[in-house]
S.K.: 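Handing you a structure now.
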2 protein chains.
Amino acid sequence: MALFVSTYINKVDRKGRVSVPAQFRAALNIPAQPVFVLYPSFTLSAIEGCNVDFLEKLADSTSTSFDLFSTEQEDINTLIFSVSHQLTCDPDGRVVLPEEIMAHANITEQAAFVGKGKTFQIWEPEALKAHTAAARARAMQNRPQISLRASPAAEEK
Amino acid sequence: MALFVSTYINKVDRKGRVSVPAQFRAALNIPAQPVFVLYPSFTLSAIEGCNVDFLEKLADSTSTSFDLFSTEQEDINTLIFSVSHQLTCDPDGRVVLPEEIMAHANITEQAAFVGKGKTFQIWEPEALKAHTAAARARAMQNRPQISLRASPAAEEK
DNA sequence: TGATTTCCCATGATATCCCATATGAACCCG
DNA sequence: CGGGTTCATATGGGATATCATGGGAAATCA
């Protein structure tokens, strides 16, 4: 089962290639040629990444005959599948990030791969820092008793 | 399994030929000669596309659930099957789009192939832009939770 | 035979493959 | 315990393959 953990910052070379972290490639569990899907996050300046299985399941669930012609399903399909990209790692474990989603996440020189359990995200490293700080601030506000026990750097991964 | 994702804008040449995106041809998974079906959408100014399997399933589901909405099922049969065209890519991966459906979608110089999961659509690029913007507006306004659910990592606050 | 469609080849741009190198971690062995 | 070595990974660059596209030749049809 795919499990994406930890954060890796890799370089985007002149050709736009970036190494997918070896641990992530392993998590994609198609030994020879890891395949996955990327799409821009709806709510964040980041790229969402997931297994192909996930999108296939979604495709199944949104193409039953009765829903086929509903505006709602049509919109969901439009907003997800049309902006997704199916990618395959090259023999060295790299991929070329598609233009649009690189622009969406403001990625130019470096890409931060962030494990999210069953999925992962790709961030511009500075944007990731800001996002992480904001998330921490929210967590402290919502659960003050946790922040009291935690030392300032303890939740750093 | 066929999965159509991403959006590709290709040129319609003087003979009316268009390259079917290589990824879509692969998704049609009949390696030598990709076969698929096109029909005009009856709700949108677009062309609907799918592989033959999908249409066969649609035929099954519409004929077995005649007890509900029987006139609608009848209409669907009429509106889809009677106006469908089965096409085969030429050796270079191109097809000639039939007159009627090209007119239906107002396609002249460029054709945007849009992945929809198990199916795809073909749009005139400008019309596609407008449709996408409208779909996004509807999704945000009506059911924000749907778009959030659809994104595997988007439950992040 | 004339018109239309399909096939075949050429081309430029781009993406992919393959090899080489650098870095660092784990390992082995003296 | 230390030094060397092997391995996996990330990264760079040149060579090769793929793709979209244009145009001409062959085949098809009426």
Side-chain angles (χ1 to χ4, degrees), chain A residues 4-38 49 84-103 107-115 120 122-125 128, chain B residues 4-36 38 49 85-103 107-115 120 122-125 128:
Chain A
F4 303 97
V5 295
S6 191
T7 297
Y8 304 86
I9 297 182
N10 287 342
K11 195 179 175 194
V12 180
D13 72 12
R14 271 190 300 167
K15 299 182 182 178
R17 295 177 300 185
V18 77
S19 290
V20 176
Q23 294 232 0
F24 283 24
R25 300 202 301 266
L28 291 166
N29 75 10
I30 299 164
Q33 295 237 310
V35 178
F36 57 95
V37 173
L38 297 182
S84 292
H85 293 261
Q86 182 171 335
L87 301 180
T88 307
C89 289
D90 72 15
D92 299 327
R94 291 183 281 196
V95 293
V96 181
L97 299 179
E99 282 285 332
E100 314 101 71
I101 61 181
M102 256 181 70
I107 290 173
T108 54
E109 315 230 309
Q110 288 190 317
F113 289 75
V114 183
F120 61 94
I122 308 177
W123 287 80
E124 194 284 318
L128 174 61
Chain B
F4 300 98
V5 296
S6 192
T7 298
Y8 305 87
I9 297 181
N10 287 342
K11 198 179 175 193
V12 180
D13 71 11
R14 272 189 299 166
K15 300 180 183 179
R17 297 175 299 185
V18 193
S19 290
V20 177
Q23 292 238 10
F24 281 25
R25 300 202 300 266
L28 291 166
N29 74 11
I30 300 165
Q33 293 238 310
V35 177
F36 57 95
L38 297 182
H85 294 259
Q86 181 168 333
L87 301 179
T88 307
C89 289
D90 73 15
D92 298 328
R94 290 184 282 197
V95 293
V96 179
L97 300 178
E99 279 290 330
E100 316 102 71
I101 60 181
M102 251 180 77
I107 290 173
T108 54
E109 315 231 308
Q110 289 190 316
F113 288 76
V114 183
F120 61 94
I122 309 177
W123 286 79
E124 194 284 318
L128 173 62

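A, B, ... follow the sequence lines: proteins, then strands. Residue 1 opens every chain.
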S.K.: With heavy atoms under 4.0 Å as the rule, sort A:Arg14 into base, sugar-phosphate or nothing.
M.R.: sugar-phosphate
S.K.: Between NE2 of B:His85 and CD of B:Glu99, what distance do you get to the nearest 0.5 Å?
M.R.: 10.0 Å
S.K.: Please check this pair: side chain of A:Asp90 against backbone of A:Asp92, looking for a donor-acceptor N/O pair closer than 3.5 Å.
M.R.: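 Flag set: sc A:Asp90 to bb A:Asp92 pair under 3.5 Å.
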S.K.: Show which side-chain atoms of residues 15-23 of chain B pair as donor or acceptor with protein atoms under 3.5 Å away, not counting sequence neighbours.
M.R.:
unit_1	atom_1	unit_2	atom_2	d
B:Arg17	NE	B:Asp13	OD2	2.8
B:Arg17	NH2	B:Asp13	OD2	3.0

S.K.: Please identify each residue that fulfils side chain to side chain donor-acceptor pair (under 3.5 Å) with B:Thr7, with sequence neighbours left out.
M.R.: none
S.K.: Not counting sequence neighbours, which residues clear side chain to side chain contact (heavy atoms under 4.5 Å, CB included) with A:Thr108? List them please.
M.R.: none
S.K.: Taking side chain to side chain donor-acceptor pair (under 3.5 Å) as the definition, give me every residue that meets it alongside B:Gln110, ordered by chain and number, with sequence neighbours left out.
M.R.: none
S.K.: Kindly give the atom pairs (protein nitrogen or oxygen, nucleotide nitrogen or oxygen) under 3.5 Å for nucleotides 17-21 of chain D.
M.R.:
unit_1	atom_1	unit_2	atom_2	d
D:dA20	OP1	B:Ala22	N	3.1
D:dA20	OP2	B:Arg25	NH1	3.0
D:dT21	OP1	B:Lys11	N	3.2
D:dT21	OP2	B:Lys11	N	3.2

S.K.: Reading DNA chain C from 5' to 3', where do the contacts with chain A start and stop? Cut-off is 4.0 Å to heavy atoms.
M.R.: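 First and last nucleotides in contact are C:dT16 to C:dC19.
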S.K.: Which angle, to the nearest 10 degrees, lies between the helix axes at the two ends of the helix from C:dT1-D:dA30 to C:dG30-D:dC1, each defined by five pairs?
M.R.: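 Comparing the first five pairs with the last five, the axes sit 50° apart.
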S.K.: Minimum heavy-atom separation for B:Leu38 and B:Ile101, please, with both atom names.
M.R.: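 Taking B:Leu38 first and B:Ile101 second, the nearest heavy atoms are CB-CD1, 3.8 Å.
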S.K.: Nearest heavy-atom pair of A:Leu28 and A:Pro34: which atoms, and what distance?
M.R.: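 Nearest heavy atoms, A:Leu28 then A:Pro34: CD1-CB, 3.9 Å.
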S.K.: Starting from C1' on D:dG23, measure out to CG on B:Asp90 and report it in whole angstrom.
M.R.: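 From B:Asp90 CG to D:dG23 C1': 14 Å.
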S.K.: To check you understand the geometry: which heavy-atom pair defines the closest contact between A:Ile107 and A:Glu124, and what is its length?
M.R.: CG1-N, 3.8 Å
S.K.: By ring-ring contact (aromatic ring centres under 6.0 Å, His included), which residues pair with A:Phe4, not counting sequence neighbours?
M.R.: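 By the ring-ring contact (aromatic ring centres under 6.0 Å, His included) rule, A:Phe4 matches A:Phe24, A:Phe120.
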